[in-house]
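To keep things clear, I will list the structure first and then write my remarks on it.
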Amino acid sequence: MSDDLRHICLISGKDSLATTIVQMERSPDLPYEFLFNPTGLELPEVFDWLDAVEKALGIEIIQVWVDLEELIKKNNYFLPSQRARYCTRQCKIEPMEEYVGEDEAFVYYGIRADENRTGHVPKHDNLTPKYPLIEEGIDLNGVYRIINDKGLKPPTFFCVMTYELVKTKL
């Protein structure tokens, strides 16, 4: 990897925020880029939370927009789930890969030590996945401890707009 290596932190919820906090504490001098992928179906509380994250951590979060409504239509109004994770792939990973382009980058993913799932396998050699929560042995309780210590627990909400979109097509 070259000296121009990019460091990409994806922020979308509690696990990814805890990952960002852990990584920033581990290596505070790295030139991080912080990404959030809005879908157009977020409630205002999400953006209030992102503002609070920026202020508390002294960072700027870049927003890479994705049209979830269009993705839901393309997926025949089938909603994403734990088993059908097209939303993660198409709303987070693919836009991040497009944003990074051909640059070499470490990408810090929010997968906890207590999760039994594999991480992202990049399509391109220029991306190196990193899993700080796994490396540090941080589980769900640890994630809540980290984000609560910063006063940054994400909003809890039911994404009414997504379900209303699907319901109108049934």
Side-chain angles (χ1 to χ4, degrees), residues 5-28 30-72 74-75 79-82 85-101 103-112 115 117 119-120 122-124 126-134 138 140 142-144 146-163 165:
L5 181 66
R6 293 170 74 180
H7 296 268
I8 309 296
C9 293
L10 307 171
I11 299 177
S12 60
K14 66 185 182 337
D15 296 338
S16 57
L17 177 58
T19 297
T20 295
I21 293 167
V22 166
Q23 186 56 37
M24 288 176 67
E25 289 174 355
R26 287 169 45 168
S27 301
L30 291 176
Y32 296 105
E33 295 171 64
F34 307 93
L35 300 184
F36 174 73
N37 299 69
T39 64
L41 298 178
E42 290 81 11
L43 295 173
E45 294 89 333
V46 172
F47 295 101
D48 294 341
W49 173 71
L50 290 172
D51 289 343
V53 169
E54 287 181 321
K55 287 177 185 142
L57 300 182
I59 64 172
E60 178 184 346
I61 299 172
I62 299 161
Q63 295 183 12
V64 180
W65 282 86
V66 176
D67 187 347
L68 181 59
E69 185 173 345
E70 201 52 44
L71 285 177
I72 290 171
K74 283 182 186 176
N75 284 282
L79 291 178
S81 68
Q82 287 295 88
R85 298 178 67 96
Y86 75 83
C87 187
T88 299
R89 181 176 27 81
Q90 294 178 343
C91 288
K92 295 178 187 176
I93 293 172
E94 290 173 3
M96 176 274 301
E97 289 175 340
E98 187 175 321
Y99 172 80
V100 172
D103 293 347
E104 294 183 53
F106 283 133
V107 182
Y108 302 93
Y109 293 100
I111 299 179
R112 301 184 315 265
E115 291 185 282
R117 64 183 177 105
H120 174 61
K123 293 183 208 174
H124 309 288
N126 63 314
L127 302 177
T128 302
K130 294 288 188 178
Y131 306 97
L133 300 181
I134 294 173
I138 298 171
L140 181 60
V143 163
Y144 279 114
I146 291 165
I147 61 175
N148 287 338
D149 284 351
K150 299 278 185 193
L152 293 174
K153 186 175 175 187
T156 302
F157 61 90
F158 180 73
C159 192
V160 175
M161 294 184 323
T162 303
Y163 289 96
L165 169 70

Do Ile11 and Ile59 have side chains that get closer than 4.5 Å, going by heavy atoms?
yes
Looking at every heavy atom in both Pro154 and Gly13, which two are closest together, and how far apart are they?
CG-C, 3.9 Å
Is any side-chain heavy atom of Phe34 closer than 4.5 Å to one of Glu60?
no
So how far is it from Leu140 CG to Glu115 CD, rounded to the nearest 0.5 Å?
8.5 Å
Return the CG to CG distance between Leu57 and Leu152, rounded to the nearest 0.5 Å.
6.0 Å
Identify whether the distance between the nearest side-chain nitrogen and carboxylate oxygen of Glu25 and Lys150 falls below 4.0 Å.
yes
Rounded to the nearest 0.5 Å, what separation is found between the CH2 atom of Trp49 and the CD1 atom of Ile147?
8.0 Å
4.5 Å side-chain heavy-atom contact, Arg112 and Ile134:
no
Within 45° cone and under 6.0 Å: Lys130 NZ/CZ vs Phe106 ring
yes
Residue pair Asn37 / Gln63, side-chain heavy-atom distance below 4.5 Å:
no
Decide yes or no on side chain to side chain contact (heavy atoms under 4.5 Å, CB included) for Tyr32 and Ile8, but give the supporting numbers first.
CA-CA 6 Å; Tyr32 296 105; Ile8 309 296; over 6 Å; no
May I ask you to decide whether Glu33 forms a salt bridge with Arg6, counting only side-chain N to carboxylate O separations under 4.0 Å?
yes
In Thr19, Asp15, Val143, the residue satisfying side-chain contact (heavy atoms from CB on, under 4.5 Å) with Ile138 is Val143
Spatial distance of atom CD (Gln23) from atom OG (Ser16) [nearest 0.5 Å]
13.5 Å
Report the distance from atom CD1 of Ile62 to atom CG of Leu35, rounding to the nearest 0.5 Å.
5.5 Å
State the CG-OG1 distance between Leu5 and Thr128, to the nearest 0.5 angstrom.
7.0 Å
Glu42 to Thr39 - nearest heavy-atom pair and separation:
OE2-N, 2.6 Å
Stepwise, does the side chain to side chain contact (heavy atoms under 4.5 Å, CB included) test hold for Phe36 with Glu54?
CA-CA 12 Å; Phe36 174 73; Glu54 287 181 321; over 6 Å; no
Test item: Leu133 and Val22 side chains (from C-beta on) under 4.5 Å apart, heavy atoms
yes
Walk me through whether Leu127 and Glu97 qualify under side chain to side chain contact (heavy atoms under 4.5 Å, CB included).
CA-CA 8 Å; Leu127 302 177; Glu97 289 175 340; 3.6 Å; yes
Note, Tyr108 side chain near Leu30 side chain (heavy atom, < 4.5 Å)
yes
For a 4.5 angstrom cut-off between non-hydrogen side-chain atoms, does Val100 reach Asn126?
yes
So, do Met24 and His7 sit near enough that their side-chain heavy atoms are less than 4.5 Å apart?
no
